[in-house]
Visitor: 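Here it is, the structure, as structure tokens.
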Amino acid sequence: MTALSNVKVLELSERVTGEYCGKLLSDFGAEVIKIERPGVGSPTRRLGPIKSGVAPGEGSGLFAYLNNNKHSVELDLTAQHTREMLERLLDRVDVVIDDHLPHELEQMGMNLEALAAKRPRLIACTITPYGQSAPQARRHAEDLNVFHASGWGYHTPSAADERLPPLKAAGRFLVSYEAALDAALCIVAALYDRESSGLGRFIDVAQQAVMASRVDYVLGQMVAGDMDVTPERTAFDLGGPAGIFRCRDGYAYIWMSAPTHWQGLRQLLGDPEWMKDFPEHWLELECTPERVALCRKHIAEWLSTQEKEKASEAAQKLGVTLVAVNDKRDLLSCPQYAFRGFFTEIEHPVLGALRYPTVPYRMSETPARIAAPAPTLGQNTRTYLDLDRDDAASAVGRGERR
Amino acid sequence: MTPRGRGGPLEGVRVVELTKVWAGPYVGKLLGFLGAEVIRVESEGSLDVTRTYGIKDINNAPGFHAVNPEKLSVQIDMKTPRGIELILELVRRSDIVVENLRPGAIKRLGLGYERVKDAKPDIIYVSMGMYGNEGPLSYQTGYAPCFAALGGVSALVGYAGQPPSGMNVRYADSTFGTAAAFAAVVALHHRRRTGVGQFIDVSAVECMSSMIGDTIMEYMLNGTVPGCNGNRHPEMAPHGTYPCRDGEWISIAVNSDAAWQALAGAIEGPSLQADRRFTTLAMRKANEDALDAMIAAWTANRDARELEEDLQRRGIAAAKSQNSIELVADSLLWERGFFREVHDASGRSRNIVGPSWRMTREAAIERAAPRLGEHNEYVLGEILGLSAEERRRLSESGITR
């Protein structure tokens, strides 16, 4: 039995953030009905990575990853006569997820809050860059913009060179995934409550707030007046010698903040001369820029002769927090990932057999499970709209569009 | 003092936190923001470093305050058998246990899953570790930037042709905490329907890989492992941060040819709009160095905020890269109640970082982080039902203070 197998979700989302939220629920067995634009499908079907030489809209590895386990229903939400079908679907589900920008929904003639208000048991969740009350000056945003509006961008990377531009987050969709996590958390909490209260909820997740909340340890001190609030790009930083260093076969990251790390490093390096000039507690109490630079220089020299995995293994055994900077290949060959079964192979009708990343939580009673590959466009239209083929084609709005 | 019901979807849920630093406490913070009663069990002999870091007054530690609003604190000496008994008594009356101590530490304390499950068979037990609870590398430890490095995140952040620089050093703990909180509530929902609790084993490193799932798919599908590329994006151009007046920066993401036409109109007008180097995404990608240089020259003497407003009016995804002053002053974040005021037991007010969400019938969030042992009387007296005499004896023997 999976944890959410009694839950039906309607997904109106057309971006990564809402689709990932749906995925987080479908991982636990929620039945997710994904509404897609007739004929073209979700815009994520056209985002990379794309397998070439296959039918357009069916070759996206991104779409496949985000939409495993889901059901695809083609329905034109912009057509007036399909609105009744949407209403009927809403009557049948427990949760609706949407990630259109507020003004996009308006243009579609939709008011999710009003649709939800008519259904007191429904849990409606929207995920948008700045929330439902976003001002005019914040109508348009991609992940990059939210990352920079949230404070993360300006402070990435740490120890920034002020002449170089501040950076985006890792990959394309980190902000989207982060926001989806908060949304999924709120949705499941609301489902839990509904079991007893019988009442749904309207949930408004703002990506900017999600990202800003991820640095609460720092931002909380700033907003309370306990930490300097400055325009420095290093305002979130910790200082010290920690950082990424080049190795023979890639890069490694070393963290050092406590005397135990320093002692471990001494053992690891065989008590070298240069360490003898450092006070034992310098990391905590006397962490001067000169010492940091000297320490970094020696670590860099040493690591440049090492292999990242071997160095990390030796270091970890001595209590030194040195780790490899892994790339995607390393993840695939990581014995710990293999042990936990982080990757799972799925046979997709178009993409073939591929290994997919799964989830970071192993659950003893209700493990997450990919039961079916992502649907082809409209694969489940008839099932959910309860129509025969000809009617379905016209009802979903295909006729008008073509 | 009996804490009042605060509403919210998790009202009535009790969480026991055996956590340290940031990732574990973040779980309790999120659950508390959803209405759960979150009790941090603290042991005077091994205080959380955030209570002591750089400050003498453990009840006024800024870092602790930042991640622990609305929680309760009970001080129980975990090094004593009686202390462990008390914690197990508390667990019997709770729904969720969260721990993120060093590998093996919780078992050595006598509070591992098996022991806790004996005390409370339907407990939801959330164990958080860098690599998870068991397996060939589970002995390894690290801090947030190690999670990001191991999970594949750091390798993707950096300037073209340079070694990776990674995300800001603060990234990872809170993401790890959120994933754990989500899994805990999924388990809670399951328990309500079936009566069955479970063990949840969360890996920080895998949380990081989940934040780059699509790039892992790219490798699976095409076998490519591209290095860092600054701010480039395969499906948008221009896509980056550009210098403005006074050392400020603006982020611009052109997500369609129409958006490019709007931007070209702002920069120059019809001649740039018609420039064949840039009309389609493929052309802009092919000429991206020239494109970025031109935009940077155009933004360089402009005011970032004014430019943001202008570009937004034209329908272009743009946002000033906000520094910490602007972030703390962001009026939208105050209006949403993201920044809000709470009060501590002595009535002093304090601003905190609240939840990212707004929802109907949300939980009240009004209290600051607790003093050490602030809720001993409530936890030991009301929840555990110990008499005043028993509580006095425990306190005198140093087990609870």
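Heavy-atom basis, side chains included; hydrogens, waters and symmetry copies ignored.
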Visitor: Answer with yes or no whether the side chains of B:Y159 and B:N229 bring together a donor and an acceptor at under 3.5 Å.
Guide: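 The answer is no; no qualifying pair exists.
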
Visitor: From B:I216 CD1 over to B:L221 CG, what is the distance, rounded to the nearest 0.5 angstrom?
Guide: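 CG of B:L221 is found 13.5 Å from CD1 of B:I216.
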
Visitor: Does any backbone or side-chain atom of A:R138 lie under 4.5 Å from a heavy atom of chain B? Answer side chain, backbone, both or neither.
Guide: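 Both backbone and side chain.
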
Visitor: What part of B:L188 gets closer than 4.5 Å to chain A, counting heavy atoms only: side chain, backbone, both or neither?
Guide: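 Answer is both: backbone and side chain atoms of B:L188 are under 4.5 Å from chain A.
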
Visitor: Quick check on A:F28 against chain B: is it the side chain, the backbone, both or neither that has a heavy atom closer than 4.5 Å?
Guide: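 Contact with chain B is through the side chain of A:F28 alone.
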
Visitor: How long is the straight-line distance from CD of B:Q322 back to OH of A:Y154, given to the nearest 0.5 Å?
Guide: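 Output value for this atom pair is 11.0 Å.
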
Visitor: Can you tell which part of A:C125 gets under 4.5 Å to a heavy atom of chain B, answering side chain, backbone, both or neither?
Guide: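 No part of A:C125 comes within 4.5 Å of chain B.
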
Visitor: For B:K29 and B:V67, work out which heavy atoms get closest and say how close.
Guide: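 Residues B:K29 and B:V67, closest heavy atoms: CB-O, 3.5 Å.
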
Visitor: Sort B:R313 into side chain, backbone, both or neither according to what part of it lies under 4.5 angstrom from a heavy atom of chain A.
Guide: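 It is neither, since no heavy atom gets under 4.5 Å.
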
Visitor: Please classify the contact of A:L164 with chain B as side chain, backbone, both or neither, using a heavy-atom distance under 4.5 Å.
Guide: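 Both parts, backbone and side chain.
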
Visitor: Select, from B:I55, B:V353, B:L156, the one with the greatest count of heavy-atom pairs under 4.5 Å involving chain A.
Guide: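 Result: the option with the highest number of such pairs is B:V353.
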
Visitor: Which one, A:V325, A:D216, A:V323, A:I203, leads in non-hydrogen pairs under 4.5 Å with chain B?
Guide: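 Highest number of pairs under 4.5 Å: A:D216.
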
Visitor: Heavy-atom distances under 4.5 Å only: say whether A:A212 touches chain B with side chain, backbone, both or neither.
Guide: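 It is both, since atoms from each part get that close.
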
Visitor: After noting the C-alpha distance and the side-chain angles of A:V359 and B:E206, does the key distance pass the side chain to side chain contact (heavy atoms under 4.5 Å, CB included) rule?
Guide: CA-CA 7 Å; A:V359 299; B:E206 290 175 2; over 6 Å; no

Visitor: Of the backbone (N, CA, C, O) and the side chain (C-beta and beyond), which part of A:L354 lies under 4.5 Å from a heavy atom of chain B, both, or neither?
Guide: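 Side chain of A:L354 only, per the 4.5 Å heavy-atom cut-off to chain B.
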
Visitor: For B:S138, is it the side chain, the backbone, both, or neither that has a heavy atom closer than 4.5 Å to a heavy atom of chain A?
Guide: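 Backbone plus side chain of B:S138, per the 4.5 Å heavy-atom cut-off to chain A.
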
Visitor: Report which part of A:E232 has an atom under 4.5 Å of a heavy atom belonging to chain B: side chain, backbone, both, or neither.
Guide: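 No part of it gets close to chain B.
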
Visitor: Under the side chain to side chain contact (heavy atoms under 4.5 Å, CB included) rule, what do B:F182 and A:Y361 come out as? Steps first, then yes or no, please.
Guide: CA-CA 9 Å; B:F182 169 62; A:Y361 16 77; 3.3 Å; yes

Visitor: With a 4.5 angstrom heavy-atom cut-off, is it the side chain or the backbone of A:Y251 that approaches chain B, or both, or neither?
Guide: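 Side chain only.
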
Visitor: Just by modelled atom types, is the A:A3 backbone N or O under 3.5 Å from a matching donor or acceptor in the B:R193 side chain?
Guide: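 Pair found, side chain donor or acceptor close to backbone of A:A3.
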
Visitor: Is A:V218 in contact with chain B via its backbone, its side chain, both, or neither, using a 4.5 Å heavy-atom distance?
Guide: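 When you check distances to chain B, only side chain atoms of A:V218 fall under 4.5 Å.
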
Visitor: With a 4.5 angstrom heavy-atom cut-off, which part of B:I325 approaches chain A: side chain, backbone, both or neither?
Guide: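 Both the backbone and the side chain of B:I325 come within 4.5 Å of chain A.
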
Visitor: Using non-hydrogen atoms only, which part of B:D173 is less than 4.5 Å away from chain A: side chain, backbone, both, or neither?
Guide: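 Interface part for B:D173: neither.
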
Visitor: Given that the side chain runs from C-beta out, which part of A:I244 has a heavy atom under 4.5 Å from chain B: side chain, backbone, both or neither?
Guide: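 The side chain, not the backbone.
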
Visitor: Salt bridge or not between A:D143 and A:R172? Use side-chain N to carboxylate O under 4.0 Å.
Guide: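 Between A:R172 and A:D143 there is no salt bridge, as every charged N stays at least 4.0 Å from the carboxylate O atoms.
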
Visitor: Can you tell me which portion of A:Y130 sits under 4.5 Å from chain B's heavy atoms? Options are side chain, backbone, both or neither.
Guide: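 Both the backbone and the side chain of A:Y130 come within 4.5 Å of chain B.
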
Visitor: Counting N and O atoms only, with roles assigned by atom type, does the side chain of B:T50 sit under 3.5 Å from a partner on the main chain of B:G63, one being a donor and the other an acceptor?
Guide: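 Looks like no, no N/O pair under 3.5 Å.
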
Visitor: Check whether the side chains of B:S251 and B:W249 place a donor and an acceptor atom closer than 3.5 Å, and report yes or no.
Guide: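 Judged by distance alone, the side chains do not pair up.
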
Visitor: Could you look at B:P234 and say if it's the side chain, the backbone, both or neither that has a heavy atom under 4.5 Å from chain A?
Guide: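 The answer is the side chain of B:P234.
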
Visitor: Measure A:L66 against the heavy atoms of chain B and call it side chain, backbone, both or neither at under 4.5 Å.
Guide: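 Neither part, no heavy atoms under 4.5 Å.
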
Visitor: Under 3.5 Å, is there a donor-acceptor pair between the B:D292 and B:Y242 side chains?
Guide: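 Side chains of B:D292 and B:Y242: pair found under 3.5 Å.
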
Visitor: State, without any angle test, whether B:S356 and A:D182 hold a side-chain donor-acceptor pair at a distance under 3.5 Å.
Guide: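 There is such a pair between these side chains.
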
Visitor: Judged by modelled atom types alone, do A:R214 and B:T178 share a side-chain donor-acceptor pair under 3.5 Å?
Guide: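 A:R214 vs B:T178: donor-acceptor pair found between side chains.
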
Visitor: Is the closest side-chain donor-acceptor distance between B:Y171 and A:T156 under 3.5 Å?
Guide: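 No pair is found: no donor N or O on one side chain lies under 3.5 Å from an acceptor on the other.
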
Visitor: Without swapping roles, check the side chain of B:Q312 against the backbone of A:H140 for a donor-acceptor pair under 3.5 Å.
Guide: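 Yes, the answer is positive, given that a donor and an acceptor are paired below the 3.5 Å cut-off.
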
Visitor: Is chain A contacted by the side chain of B:N222, its backbone, both, or neither, given a heavy-atom distance below 4.5 Å?
Guide: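 The side chain, not the backbone.
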
Visitor: Could you check which of A:A183, A:S213, A:P357 has the highest count of heavy-atom pairs closer than 4.5 Å to chain B?
Guide: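 When all of A:A183, A:S213, A:P357 are compared, A:S213 has the most.
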
Visitor: Who wins among A:R340, A:K51, A:R139 for the most heavy-atom pairs under 4.5 Å with chain B?
Guide: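 The answer is A:R340.
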
Visitor: Need one label for B:V13: side chain, backbone, both or neither, based on atoms under 4.5 Å from any heavy atom in chain A.
Guide: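 B:V13 touches chain A through side-chain heavy atoms alone.
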
Visitor: Checking the side chain of B:R361 only, and the main-chain atoms of A:G200 only, is there a donor and an acceptor separated by less than 3.5 Å?
Guide: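 Yes: the side chain of B:R361 pairs with the backbone of A:G200.
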
Visitor: Pick from B:R350, B:E218, B:H65, B:R358: which one has the most heavy-atom pairs with chain A under 4.5 Å?
Guide: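 So the answer, after comparing B:R350, B:E218, B:H65, B:R358, is B:R358.
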
Visitor: What part of B:I252 gets within 4.5 angstrom of chain A, counting heavy atoms only: side chain, backbone, both, or neither?
Guide: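 Looking at B:I252, just its backbone touches chain A.
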
Visitor: So for B:M208, is it side chain, backbone, both, or neither that comes closer than 4.5 Å to the heavy atoms of chain A?
Guide: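 For B:M208, no heavy atom lies under 4.5 Å from chain A.
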
Visitor: Under 4.5 Å, counting heavy-atom pairs only, tell me which of A:S257, A:A137, A:P135 racks up the most with chain B.
Guide: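 If we count pairs closer than 4.5 Å to chain B, A:A137 comes out on top.
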
Visitor: Heavy-atom pairs under 4.5 Å with chain A: which of B:A184, B:P145, B:G158 has the most?
Guide: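 Of the candidates given, the most pairs with chain A belong to B:P145.
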
Visitor: Between B:E335 and A:S133, is any side-chain donor less than 3.5 angstrom from a side-chain acceptor?
Guide: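 Note: B:E335 and A:S133 side chains miss the donor-acceptor criterion.
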
Visitor: Would you mind checking which part of A:S52 comes under 4.5 Å of any heavy atom in chain B, side chain (CB onward), backbone (N, CA, C, O), both or neither?
Guide: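 Contact with chain B: none, neither part.
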
Visitor: A:L322 versus chain B, heavy atoms under 4.5 Å apart: side chain, backbone, both or neither?
Guide: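 When you check distances to chain B, no heavy atom of A:L322 falls under 4.5 Å.
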
Visitor: Chain A heavy atoms under 4.5 Å from B:Y131: which part of the residue, side chain, backbone, both or neither?
Guide: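 Both parts, backbone and side chain.
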
Visitor: Please classify the contact between B:F339 and chain A as side chain, backbone, both or neither, with a heavy-atom cut-off of under 4.5 Å.
Guide: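 Answer is side chain: those atoms of B:F339 sit under 4.5 Å from chain A.
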
Visitor: Using the benzene-type ring in the case of Trp, are the ring centres of B:F147 and B:F176 under 6.0 Å apart?
Guide: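 Under 6.0 Å, so yes.
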
Visitor: Mind checking the CG-OG spacing from B:L150 to A:S312? Nearest 0.5 Å is all I need.
Guide: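 Reported to 0.5 Å precision, the distance equals 7.0 Å.
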
Visitor: Looking at chain A, which one of B:H239, B:R191, B:K320, B:E326 has the largest number of heavy-atom pairs inside 4.5 Å, strictly under?
Guide: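 With the most close heavy-atom pairs to chain A, the winner is B:H239.
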
Visitor: Which bit of B:E11 comes within less than 4.5 Å of chain A, counting heavy atoms only: side chain, backbone, both or neither?
Guide: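 Neither; nothing under 4.5 Å.
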
Visitor: Please determine, among B:W22, B:W357, B:F199, the option with the most heavy-atom pairs under 4.5 Å with chain A.
Guide: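 Ranked by contacts with chain A, first place is B:W22.
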
Visitor: Do you know which of A:G61, A:P157, A:P165, A:S158 has the most heavy-atom pairs under 4.5 Å to chain B?
Guide: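 Most heavy-atom pairs under 4.5 Å with chain B: A:P165.
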
Visitor: With respect to chain A, which residue among B:A318, B:G142, B:P69, B:S154 yields the maximal number of heavy-atom pairs within a distance under 4.5 Å?
Guide: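 Most heavy-atom pairs under 4.5 Å with chain A: B:A318.
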
Visitor: Without hydrogens or angle criteria, can the side chains of A:D204 and A:Q132 be said to hold a donor-acceptor pair below 3.5 Å?
Guide: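 The answer is no; no qualifying pair exists.
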
Visitor: Does one side chain, of A:E178 or B:T175, offer a donor that lies under 3.5 Å from an acceptor on the other?
Guide: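 Yes - a donor-acceptor pair under 3.5 Å links their side chains.
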
Visitor: Report which part of B:L327 has an atom under 4.5 Å of a heavy atom belonging to chain A: side chain, backbone, both, or neither.
Guide: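 Contact with chain A is through the side chain of B:L327 alone.
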
